[in-house]
Amino acid sequence: MNVKILDQAQHRAVRDAKGNLKKAAEFADEFRTILQHQFAKPGAPEAWGVDVEFDSSGLGFKLKTPFGLARAIAVSSIIHGKSQIRYVIEKEVTLEGDVHGHVKVAAICIDEFGVVSAEDDGDKLANLNVIDESQVHREVGEVGVSIVHAIGAEERYFSQQ
């Protein structure tokens with residue numbers, strides 16, 4: 001994209017970015033905490049085989065799944081006209097020439113209001129800012145299952161040969 005004169009909404013997205021990203025980061029931290037909890041509930045490790053491990057710095061996390069390893073990288077971005085935290089989910093794979101690498105399999109966005117949405121179409125997947133905690137946990141759990149599905153649906157894999 002080229003540098004150009006911004007319309008009012010684009011200008012606002014940049015102007016309000018610092019405050020909005022701070023709020024979105026708080027919700028992103030809550031998202032990964034709930035996600036980790038959902039896959040660690042009694043019986044969940046045996047049923048799902050998924051482990052969520054936080055990165056030592058930042059908002060990222062790693063996923064160990066029956067379909068291989070993946071990572072979620074937290075990126076501050078402007079998506080659908082708003083400053084948001086974007087989680088880019090990348091599966092660990094073997095690339096051409098037996099090179100170890102990662103490929104993007106999914107992405108979600110979290111805005112300053114705690115709304116989790118799909119990156120591609122902006123569809124709302126979860127709302128972290130509601131009173132009903134069981135609803136929040138259920139919605140985040142569904143997003144987690146969708147992420148694991150995207151990891152499993154990626155045809156490339158990691159070969160340790």
Side-chain angles (χ1 to χ4, degrees), residues 1-39 50-65 67-93 95 99-133 135-156:
M1 179 178 212
N2 295 324
V3 175
K4 62 180 183 173
I5 301 298
L6 303 178
D7 64 29
Q8 187 175 4
Q10 293 168 320
H11 189 273
R12 190 177 313 110
V14 175
R15 183 193 68 212
D16 298 341
K18 183 177 179 182
N20 289 348
L21 289 170
K22 182 179 178 188
K23 292 174 192 171
E26 291 169 3
F27 282 115
D29 189 44
E30 182 180 347
F31 173 84
R32 71 181 187 158
T33 299
I34 294 169
L35 186 67
Q36 182 182 53
H37 171 77
Q38 289 298 96
F39 283 118
V50 175
D51 183 45
V52 178
E53 180 183 310
F54 295 171
D55 285 350
S56 56
S57 63
L59 293 170
F61 58 91
K62 292 178 177 47
L63 292 158
K64 295 177 185 173
T65 79
F67 308 108
L69 301 176
R71 63 185 181 188
I73 302 168
V75 181
S76 298
S77 301
I78 296 176
I79 305 288
H80 304 296
K82 299 189 297 188
S83 299
Q84 304 185 60
I85 298 296
R86 178 172 63 139
Y87 273 122
V88 179
I89 316 302
E90 297 180 331
K91 181 179 180 178
E92 183 178 34
V93 298
L95 301 170
V99 176
H100 171 255
H102 293 83
V103 294
K104 179 182 173 183
V105 296
I108 60 169
C109 301
I110 303 175
D111 71 13
E112 77 273 20
F113 302 111
V115 174
V116 181
S117 59
E119 178 191 50
D120 54 359
D121 57 15
D123 283 352
K124 183 179 129 189
L125 304 171
N127 187 348
L128 304 170
N129 196 17
V130 295
I131 294 172
D132 185 353
E133 284 189 35
Q135 176 186 342
V136 173
H137 283 245
R138 189 171 48 257
E139 290 177 351
V140 170
E142 286 300 317
V143 173
V145 171
S146 182
I147 288 170
V148 173
H149 183 273
I151 294 165
E154 170 56 50
E155 66 181 27
R156 289 171 279 188

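Quantities reported herein were computed from a predicted structural model and do not represent experimental measurements.
- At least one donor-acceptor pair under 3.5 Å links the side chain of Gln38 to the backbone N or O of His137.
- Counted within 6.0 Å of NE2 on His100, heavy atoms from surrounding residues, nucleotides or ligands total more than 12; the atom is thus considered enclosed.
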| task | Would you please test Ser117 and Asp123 for side-chain contact (heavy atoms from CB on, under 4.5 Å) and show each step? | result | CA-CA 5 Å; Ser117 59; Asp123 283 352; over 6 Å; no
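- Here the side chain of Glu112 pairs no donor or acceptor atom with the backbone of Lys23 at under 3.5 angstrom.
- Test Glu133, Glu139, Arg138 against Gln135 for side-chain hydrogen bond (donor to acceptor under 3.5 Å, both in side chains) and you get one pass: Glu139.
- Heavy-atom minimum distance, Gln10 versus Ile5: OE1-O, 4.5 Å.
- For the pair Asn127 (side chain) and Asn129 (backbone), a donor-acceptor distance under 3.5 Å is present.
- Contact record, Ile85 with Ser76: CD1-OG, 3.9 Å, taken as the closest heavy-atom pair.
- Remark: His37 NE2 is packed, more than 12 non-hydrogen atoms of other residues, nucleotides or ligands lying under 6.0 Å away.
- You'll find the side chain of Val140 reaches within 4.5 Å of the side chain of Leu128, heavy atoms only.
- Interatomic distance, CD1 of Ile108 versus CD1 of Ile147, reported as 4.5 Å (0.5 Å rounding).
- Remark: the backbone N or O of Val50 is not paired with any side-chain donor or acceptor of Thr65 at under 3.5 angstrom.
- Between Ala28 and Ile110, the closest heavy-atom pair is CA-CD1, 3.7 Å.
- Atom-to-atom distance recorded for Ile78:CD1 and Cys109:SG is 12.0 Å, nearest 0.5 angstrom.
- Taking CD from Glu92 and NZ from Lys64, the interatomic distance works out to 11.0 Å, rounded to the nearest 0.5 Å.
- Checked by atom type and distance alone, the side chain of Ser146 never pairs as donor or acceptor with a backbone atom of Glu142 at under 3.5 Å.
- Of all the heavy atoms in Leu59 and Ala74, the pair that sits closest is CB-CB, 3.7 Å.
- For NZ of Lys22, the number of neighbouring non-hydrogen atoms (other residues, nucleotides, ligands) closer than 6.0 Å is 12 at most.
- In terms of modelled atom types and a separation under 3.5 Å, the side chain of Lys62 and the main chain of Glu53 share no donor-acceptor contact.
- Here the shortest heavy-atom pairing between Leu95 and Gly101 reads CD1-CA, 3.9 Å.
- Of all heavy-atom pairs spanning Ala118 and Leu125, the tightest one is N-CD1, 3.6 Å.
- For the pair Asn20 and Lys82, the minimum side-chain heavy-atom distance is 4.5 Å or more.
- Note: Tyr87 and Phe61 have perpendicular aromatic rings, judged against thresholds of 30 and 60 degrees for the angle between ring planes.
- Side chain of Gln36 to backbone of Val52: a donor-acceptor contact under 3.5 angstrom is found.
- Between the side chain of Lys91 and the backbone N or O of Arg156 there is at least one donor-acceptor pair closer than 3.5 Å.
- In this structure, the side chain of His80 engages the main chain of Glu119 through a donor-acceptor pair within 3.5 Å.
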